[in-house]
Amino acid sequence: MRRAYFVVVVCLVVFSLQLFADQVTLTNGDHITGTVVKSDGKTLTLKTELAGTVEIKWSGIKDFVADKPVVITTAADKPPISGTVTTKDDTLVVASTSGTVNVPKADVTALRSPADQEAYEKALHPDLLHGWNGGINLGFALTAGNSQTTNLAVAVLADRKTTNDKLSLYFNQVNSKNNAPGAVPSTTANNVMGGARYDRNLTPRLFAFVNGDFMSDSLQSLDLRALLGGGLGWHAIKGERTTLDFLGGGNYTREKYSTFTRNFAALTLGEEFMHKVRLSTVINQKLNFYPNLSNTGEYRTNFDLGTVTKLSKWLGWQNSFSDIYVTNPPVGKKKNDIVLTTGINVSFTH
């Protein structure tokens, strides 16, 4: 008797959970139960208990019921509508606090949970100190005894993205010294780079950018290279796991070496690639080409390749390779500067 009573209770609980869960009926007659998460007007994302997160094409949905309030966005000049949802033919029937509203399925541009809608609205106009993501890379080596050297590599990368723009900051420094008595040179590497770039979306694919880059390299006798530029960019690939951007524009460059100073205008041509390998490793690659417009045949290239592999939520292992090539360095200096670093990565979000 007790066992039968227990079975009845379990069945009632399961039935009640399904009763108050969101339900989707497909055009082939199948039913999926879960929680409506979001929609971009093309697919509906449903979080299920057994199958995890499922994406369903709108064209494959016959009916769906959202028992918990969701936020529906239609035209850009109309306010969002919030309420529970049922469907009737090709229309969403939204039961809001102000009454029932019928929304044609074809007019839906976005559907979000209240929490996602709040996060989306904050992303449109975030505070300047919020919305930052990035990481700090650290590498250090020390030798003693027959050799006495210190090597330090520090890199900071941070960006702040909204739906309309992106602000990126970076800083790199590599410093190496030979501390053995009488060692010449005592400083074997002293390279400092930093800069910022601001992107503004003009269309979903096209964006404008302005940037400033600064660099010093004591072993190349470069006191300071300052570059100020801007131009247009194109999102050739814009996905969650892979992105590919092409850049084109112009810049003004001032180079101050220990023996001379030169100023010139140059083109900015580049590409940037990012790919996530599964969930643990991110590959970033950049190539920039700066042909001198004042003296044709002279140019500079910057190539960067880096990987970060997550070891935990905030800790990872990083590797980076950088090659800076200048066609006309000071007399007696090499054209290439190559930097290879490895170490830990500490990620942050604010």
- [ ] Would you sort out whether Asp213 and Tyr170 count as a side-chain hydrogen bond (donor to acceptor under 3.5 Å, both in side chains), showing the intermediate values?
- [x] CA-CA 9 Å; Asp213 295 294; Tyr170 79 93; 2.8 Å; yes
- [ ] May I have the step-by-step check of side-chain hydrogen bond (donor to acceptor under 3.5 Å, both in side chains) for Thr162 and Asn164, ending in yes or no?
- [x] CA-CA 5 Å; Thr162 72; Asn164 298 316; 5.2 Å; no
Task: Worked check of side-chain contact (heavy atoms from CB on, under 4.5 Å) between Leu111 and Val71 - done: CA-CA 6 Å; Leu111 185 151; Val71 182; over 6 Å; no
Task: Worked verdict on Trp317 versus Thr342 for side-chain hydrogen bond (donor to acceptor under 3.5 Å, both in side chains) - done: CA-CA 8 Å; Trp317 187 261; Thr342 185; 3.1 Å; yes
TODO: Using the side-chain hydrogen bond (donor to acceptor under 3.5 Å, both in side chains) rule, take Thr281 and Thr309 through it: C-alpha gap first, then chi angles, then the decisive distance, then the call.
DONE: CA-CA 4 Å; Thr281 301; Thr309 300; 3.1 Å; yes
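Linking Ile, Leu, Val, Met, Phe, Trp and Tyr whenever their side-chain heavy atoms come within less than 4.5 Å leaves Phe264 and Leu227 in two separate clusters. Two different hydrophobic clusters hold Val174 and Ile338 under the rule that ILVMFWY side chains link at heavy-atom gaps under 4.5 Å. Under the 4.5 Å side-chain heavy-atom criterion for Ile, Leu, Val, Met, Phe, Trp and Tyr, Phe348 and Val154 are members of the same hydrophobic cluster. Criterion: ILVMFWY side-chain heavy atoms under 4.5 Å apart, direct or through other members. Under it, Ile32 and Val85 are part of a common hydrophobic cluster. No chain of hydrophobic side-chain contacts below 4.5 Å, direct or via other Ile, Leu, Val, Met, Phe, Trp or Tyr residues, connects Leu157 to Phe209.
No side-chain heavy atom of Glu271 sits less than 4.5 Å from a side-chain heavy atom of Trp234. Within the 4.5 Å cutoff, the side chain of Val108 has heavy atoms near those of the Val103 side chain. Counting heavy atoms from C-beta outward, Phe273 and Asp245 have side chains that stay 4.5 Å or more apart. A heavy-atom distance below 4.5 Å is not found between the side chains of Leu267 and Phe289.
Under the 3.5 Å distance criterion, the side-chain polar atoms of Lys256 are left unmatched by any main-chain donor or acceptor of Arg262. Lys335 places no side-chain N or O within 3.5 Å of a backbone atom of Asn328 that could act as its donor or acceptor partner. Side chain of Thr341 to backbone of Ala153: no donor-acceptor contact under 3.5 angstrom is found. With Thr259 contributing its side chain and Pro330 its backbone, the two residues share no donor-acceptor pair below 3.5 Å. Although no hydrogens or angles enter the test, the distance criterion places a donor-acceptor pair under 3.5 Å between the side chain of Gln220 and the main chain of Lys334. The backbone N or O of Tyr299 sits less than 3.5 Å from a side-chain atom of Thr327, completing a donor-acceptor pair. No donor-acceptor distance shorter than 3.5 angstrom exists from the side chain of Asn295 to the backbone of Glu298, with no hydrogens or angles considered. A distance-only check finds no donor-acceptor pair linking the side chain of Arg225 to the backbone of Arg254 [under 3.5 Å]. Side chain of Thr109 to main chain of Thr73: a donor-acceptor pair is present (N/O by atom type, distance under 3.5 Å, no hydrogens or angles). Side-chain N or O atoms of Ser347 include one that pairs as donor or acceptor with a backbone N or O of Trp314 at under 3.5 Å.
Put simply, CG on Asn336 and CZ on Phe303 are 12.5 Å apart, with the number rounded to the nearest 0.5 Å.
With no hydrogens or angles considered, no side-chain donor-acceptor pair links Thr149 and Asn178 at under 3.5 Å. Under 3.5 Å, the side chains of Asp337 and Tyr325 contain no donor-acceptor pair of N or O atoms. No donor-acceptor contact under 3.5 angstrom links the side chains of Thr74 and Asp107, judged on distance only. When only modelled atom types and interatomic distance are considered, Asn102 and Thr91 share no side-chain donor-acceptor pair under 3.5 Å. When only modelled atom types and interatomic distance are considered, Asp199 and Asn201 share no side-chain donor-acceptor pair under 3.5 Å.
A salt bridge links Glu272 to Arg197: at least one charged side-chain nitrogen sits closer than 4.0 Å to a carboxylate oxygen. Between Asp165 and Arg200 there is a salt bridge, with a side-chain nitrogen of the basic residue lying less than 4.0 Å from a carboxylate oxygen of the acidic one.
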